Novice: 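Have a look at this one before I ask anything.
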Protein chains: 2
Amino acid sequence: MAEPKTASPPVSETEGSAADRAYAATKDAIIRGELESGALLSEAVIAGELGISRTPVHEAFLRLAAEGLLILASRRGAVVRPLSPSEADDVLEMREAIEASCAARVIAGDRVAEVLPELKALLAEQQAAVDSDDLDRFIDADDRLHAAVIAAARNPVASQFAGLLRDRQHRMRNLLIRVKSGQMAAALKDHTKLVRAIEKRDAAAYAETLRTHVNRNRGVL
Amino acid sequence: MAEPKTASPPVSETEGSAADRAYAATKDAIIRGELESGALLSEAVIAGELGISRTPVHEAFLRLAAEGLLILASRRGAVVRPLSPSEADDVLEMREAIEASCAARVIAGDRVAEVLPELKALLAEQQAAVDSDDLDRFIDADDRLHAAVIAAARNPVASQFAGLLRDRQHRMRNLLIRVKSGQMAAALKDHTKLVRAIEKRDAAAYAETLRTHVNRNRGVL
DNA sequence: GCGCGCAAGCTTGCATGCAAGGCGTAGAGT
DNA sequence: ACTCTACGCCTTGCATGCAAGCTTGCGCGC
């Protein structure tokens, strides 16, 4: 799950098992939008491109289907799952629910102090991104901020779910509309309020702010 | 291995693909506790029991590992994931977060009327289970009640996540401690309050009641 | 007796072969 | 001209073979 910040290097991945490489390569192609929605792709093609056999590609496709990125049509092929606006809502809603729950646990578990420095550093990073009008940098920091809150809850199930949602959200971001630069300032303001809510140990305020924050993103899509 | 299926009397599963059968059979064995925590199992064994080859079993193991029921040790085998109390907390916490979110959506989306009959029927079913002191029946109705709320939200992502959590929760129920009969009455009371909260379109009350309800279960484990 | 190395036996990971199923198209029949 | 059928190509699903890795236990040297 820990990918380099600049996640678009050449395709000459030589680490990990063949199945992992097939999984990572295909997922990346889907998320980046290289493979369009509805595209019909076959195991043999991917296998050929990666220089491996169909077996690990088959396993990769199964994983991707389980994660909602592919739809497997038995003996016909695999189609890249088209994403609908309602799906975007669904994903965002789950992210909101999970993150709010995690924030509440961090606050209830009295672990605010140990995450606050990281959160504030990420806020500063986002401010820098806004100042330099660097959208990619902003989005990266955005991801890391939300991920930090979830990680702080130390709930592996939550982290796993959030990871799945994050992938799908990335795909939506890349495929539908890239957030306009003007949105950055508003998002940063939301984030500042979120961190302040954590600092004040106010789980309800966090949840409420998160709700408006997510709704703002929802409108963008 | 291409001999008549003389060795498949116990498992009468004839539907679905071989991979699905391997998945269902293994998952069921894990959830029911037939396979103990920490048990080391190999693909070849399962394949032999089901009369299929290792390939579909391998795929099944991958799915089960992704769902947190197995841990794959490369070239050593697959161990049934031991469950810890903290994992139980994690699972319950996520269930709570997801269900509360779904209830809120049902209420906000003004779909209360269309689920209320089903919920009330399930309450009646639970009452009957309490009267006849039928724990299995109660648990089944319990599952269906919570599932009904989530299904009513019509969020496929939520349903998928809830399904994964339900499996793990079933396993915990079967492995750790079976809820005592005395708990049924309290649980039913909680459920009644939950349904009433939905009826009153009070999402906050639902969330709060759900919190105490889950915490009650948490104490049992 | 004790420690060390090596090999055998298990495991999975992947490649490949084969069969079954879906889909399009061409061709025959009306 | 239109429809129905059958064939061929495409796909996946599964079985099997082979290689590589980890563990373990046995034998050998000390």
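First the proteins, then the strands, lettered A, B, ... as listed; each starts at 1. Since this is a predicted model, take the numbers as computed values, not measurements.
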Novice: What's the CG-P distance between A/L40 and C/dG24, to the nearest Å?
Specialist: 11 Å

Novice: Whole Å only: how far is the CD atom of B/E43 from the P atom of C/dC10?
Specialist: 16 Å

Novice: So, are B/D90 and B/R168 salt-bridged, with charged N and O less than 4.0 Å apart?
Specialist: no

Novice: Mind calculating the distance between CG (B/L41) and C1' (C/dC10) to the nearest angstrom?
Specialist: 15 Å

Novice: Using whole Å, report how far CG of A/L50 lies from C1' of C/dG13.
Specialist: 16 Å

Novice: Distance alone, cut at 3.5 Å: any donor-acceptor contact between the side chains of A/E59 and A/Y23?
Specialist: no

Novice: What is the distance from CZ of B/R76 to C1' of D/dT24, rounded to the nearest Å?
Specialist: 12 Å

Novice: Rounded to the nearest Å, what distance is computed from the OH atom of residue B/Y23 to the C1' atom of nucleotide D/dG13?
Specialist: 19 Å

Novice: Just so I know, are the side chains of A/L194 and A/H191 near enough to count as touching, which here means a heavy-atom distance under 4.5 Å?
Specialist: yes

Novice: According to salt bridge (charged side-chain N to carboxylate O under 4.0 Å, His left out), who are the partners of A/D142, at least two apart in sequence or on a separate chain?
Specialist: none

Novice: In terms of side-chain geometry, is the basic nitrogen of A/K27 or A/D20 positioned less than 4.0 Å from the acidic oxygen of its partner?
Specialist: no

Novice: Taking the nucleotide of DNA chain C with the nearest heavy atom to each, does B/S74 or A/S74 sit closer to the 5' end?
Specialist: B/S74

Novice: Tell me whether A/D167 is salt-bridged to A/R171, with the criterion being a basic N under 4.0 Å from an acidic carboxylate O.
Specialist: no

Novice: How does protein contact run along nucleotides 14-21 of chain C, one letter per nucleotide 5' to 3', with B for base contact, S for sugar-phosphate only, - for none, heavy atoms under 4.0 Å?
Specialist: BBBBB-BB

